[in-house]
Protein chains: 2
Amino acid sequence: MVSDAESAPVFAKPPVTLREVAAAAGVSVATASKALNGQGRMTAETRERIRETARLLGFRPNSLAQSLLRKRSFTVGLLTNDTYGRFSLPLMAGVSDALVDKGVSVFLCNVEDDQRLGQLHVEAMLDKRVDGIIATGKRIDRHLPVDLSNLRIPVVYAFTQPDPGAVGLVSDDAGGARLAVEHFLRLGRRRIAHVTGPAGFAVVHTRAEAWRGVLKENGLTTGEPLLGAWSEGWGHEAVEKLFDKAGRGGQPDAIFCGNDQIARGVIDALRERGIRVPDDVGVIGFDNWEIVAEATRPPLTSVDMNLASLGREAGLALLSLVDGQPAAPGIRKLPCRLVVRQSCGSPPG
Amino acid sequence: MVSDAESAPVFAKPPVTLREVAAAAGVSVATASKALNGQGRMTAETRERIRETARLLGFRPNSLAQSLLRKRSFTVGLLTNDTYGRFSLPLMAGVSDALVDKGVSVFLCNVEDDQRLGQLHVEAMLDKRVDGIIATGKRIDRHLPVDLSNLRIPVVYAFTQPDPGAVGLVSDDAGGARLAVEHFLRLGRRRIAHVTGPAGFAVVHTRAEAWRGVLKENGLTTGEPLLGAWSEGWGHEAVEKLFDKAGRGGQPDAIFCGNDQIARGVIDALRERGIRVPDDVGVIGFDNWEIVAEATRPPLTSVDMNLASLGREAGLALLSLVDGQPAAPGIRKLPCRLVVRQSCGSPPG
DNA sequence: CTGAAAGCGCTTACAG
DNA sequence: CTGAAAGCGCTTACAG
């Protein structure tokens, strides 16, 4: 007995083709194509009949064939080395969301920090004729382990270091830091410390400069920012450094932290010392990593880099390049926003 | 003046085609194709000459054309509703890693919990003729907002609820829970409590049953598991419940927690009460969310669900379905592993 | 108003 | 040993 219908996999049935639609409607393939695409001239009845036939048969045009002709695949590649995904995922989701509505699909390429993997993925993207590539990473001062500088297709960099002359989108870290410090000032805080990550990160300096700048503009003196690790442990330590020296008057009444983990360590350490947050000392973090920010006691006010919007913008920027619109090269900085919770204190009175 | 070379976008130059390679090598397109694919018979010199020409011209075959012919696109769709990405990302990275070496690329489809988005993505995948689909989510007892049951292409479910009769991969939660409890027993702990998430989650019951089972097998009595939220706050509360009642003898000497956030809350609450971890009470978490597990004091022992492996397995399972290998339908449970840090205590003596 | 032809870039029988 | 032909599924000038 030959394999019977029951045992054959359901998915063996091939998709219906335009040829079948045309035959069923009694027209040529060319006419069918034009009917479905709203091209050409024909009676409204013919067009409608063909459309109805297509609908009935469940016809969906084969993208591969269309892409071959149009020289547009309606796909883009998304390169990332952020396996852990704290920064990448919202960004990737933003890209995907912005593009799905335009019929563009996104290839996920995890390149780690591995040249071989990077090359493998870029070649796969090129072979599959993606319309463009978005490169993203976990920090804006490092390159991905791939060379994207001489491709035939447009490239947009988002939250990773762009090649010179390319289009790049990053968060406005200086602006984000200003938001935090200015908020403290508005709340009446005057001795605002800054506890942040390692000197090896560009954002550490960008944010520290902004912190210093705002204080100076307001006639306040600043000490040095405290550089350390991006960790809770460092937040703890930093509190010791800040509060073990000097008298009450030299101690901060607010601490702006370089990320939420540091802020969490700071808050825990302050509580252990009996220093009240926000009454005695206000705390603001950076990243608005919700699961951390909402678990601190009190919940943490934090600067959000709007990574999903950044992803959306990157997707749209790439599309307009693909469509041949010229884009100004260079780095575009997108605004951050301050998410106010309870750790920073309320306005006086 | 017509647009000069300087101002034209670099990426306007179209890729080199097989026809050009053939012309350059002085052979027909058919011969060129066979030479590059190792098909047909021809002199070694001819083959080598064609290959060399292709290399020189930087020829890369157009995947779209190949896919059209072969009826295989070497792409798969990856559906997820885990925007936050704690579970999805390692899984997605695993899928991508397993497939990139086989020349298969992965479309990222963020469907949220939105039917419309789900449908949009599934149609896009079908139109692009993906070879198969992997569905993944943030919990194993919920469906994605899409119907994948009657597609023409194979589907594998990973870390989300499969359709009946489909192939599904999940972590062995019961096994993972056993690992934790048995480890405590080996360490000499006897009064092992269980603090976990809400009753609405299937894994809450799976893990609680396993906890209860191991204790019974060892002749130990168990109380009821403490159900609550997946949060630090609940971990805190649970410690109050466990330690405010009964005398010293009724209090646990070990707590197995349903996730790492709960475990973190538990550890913090114990410390605040002056109860030493692990000396007085051992703690084990679940998920092995490194950034949390490593920040607890002491660092947290936790059950790891091996999500990257799960992703790899899912990718390979899908590929073998695509290749026509029959796969046993049903749910396959993949083992967890215990990552031992300092919160559970050392062996006695 | 509709269809036949050519073609996107490739592969695979089939001739010679 | 090599090439001409047909074809994957579609679209788009061009005739009629």
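Throughout, a chain's letter reflects where its sequence line sits, starting with A, and its residues are numbered from 1.
With no hydrogens or angles considered, no side-chain donor-acceptor pair links B:Gln119 and B:Gln115 at under 3.5 Å. In this structure, a donor-acceptor pair under 3.5 Å is absent between the side chains of A:Thr75 and A:Lys128.
Residues of residues 17-39 of chain B that place a heavy atom closer than 4.0 Å to DNA chain D, in numerical order, are B:Val27, B:Ser28, B:Ala30, B:Thr31, B:Lys34. Contacts with DNA chain C (heavy atom under 4.0 Å) in residues 42-54 of chain A: A:Met42, A:Thr43, A:Thr46, listed by number. Within a heavy-atom distance below 4.0 Å of DNA chain C, no residue of residues 120-132 of chain B is found. In the region residues 67-74 of chain B, proximity to DNA chain D at under 4.0 angstrom, judged on heavy atoms, holds for B:Leu68, B:Leu69, B:Lys71.
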Task: Watson-Crick and G-U pairing of DNA chain D written in dot-bracket, each distance under 3.5 angstrom, with | for inter-strand partners - done: |||.||||||||.|||
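B:Arg129 places no side-chain N or O within donor-acceptor distance of the main-chain N or O of B:Lys71, the cut-off being under 3.5 Å. Of the possible donor and acceptor atoms, one in the side chain of A:Thr136 sits under 3.5 Å from a partner among the backbone N and O of A:Ala158. Side chain of A:Asp114 to main chain of A:Leu117: a donor-acceptor pair is present (N/O by atom type, distance under 3.5 Å, no hydrogens or angles).
Where DNA chain D meets chain B (any atom under 4.0 Å from a heavy atom), the bounding nucleotides read 5' to 3' are D:dC1 to D:dG9.
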Indicate every side-chain donor-acceptor pair of residues 54-62 of chain B with a distance under 3.5 Å to a residue at least two apart or in another chain.
residue : atom : partner  : partner atom : Å
B:Arg55 : NE   : B:Glu52  : OE1          : 3.4
B:Arg55 : NH2  : B:Glu52  : OE2          : 2.9
B:Arg60 : NH1  : A:Asp127 : OD1          : 3.1
B:Arg60 : NH1  : A:Asp127 : OD2          : 2.8
B:Asn62 : OD1  : B:Leu64  : N            : 2.8

Using atom types as modelled, flag every donor-acceptor pair under 3.5 Å from a side chain in residues 315-327 of chain B to any protein atom, sequence neighbours excluded.
residue  : atom : partner  : partner atom : Å
B:Ser320 : OG   : B:Ala317 : O            : 3.1
B:Asp323 : OD1  : B:Arg72  : NH1          : 3.1

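The side-chain contact (heavy atoms from CB on, under 4.5 Å) check on B:Arg139 picks up B:Asp141, B:Arg142, B:Phe201, with sequence neighbours excluded. Applying the side-chain contact (heavy atoms from CB on, under 4.5 Å) test to A:Val27 and every residue at least two apart in sequence or in another chain returns A:Ala22, A:Ala25, A:Thr31, A:Ala32, A:Thr46, A:Arg49, A:Ile50. Considering only residues two or more places apart in sequence or on other chains, A:Thr160 meets the side-chain contact (heavy atoms from CB on, under 4.5 Å) condition with A:Ala135, A:Leu144, A:Tyr157.
Distance check, rounded to the nearest 0.5 Å: CG of B:Leu68 to OG of B:Ser73 gives 11.0 Å.
Pairs engaging residues 92-111 of chain A under the ring-ring contact (aromatic ring centres under 6.0 Å, His included) rule: A:Phe107-B:Phe107 [sequence neighbours left out].
Remark: the separation of the P atoms in C:dA4 and D:dG7 is 16 Å, to the nearest Å.
The shortest distance between side-chain heavy atoms of A:Leu36 and A:Leu18 falls below 4.5 Å.
Heavy-atom contacts from other residues, nucleotides or ligands closer than 6.0 Å to NZ of B:Lys138 number more than 12.
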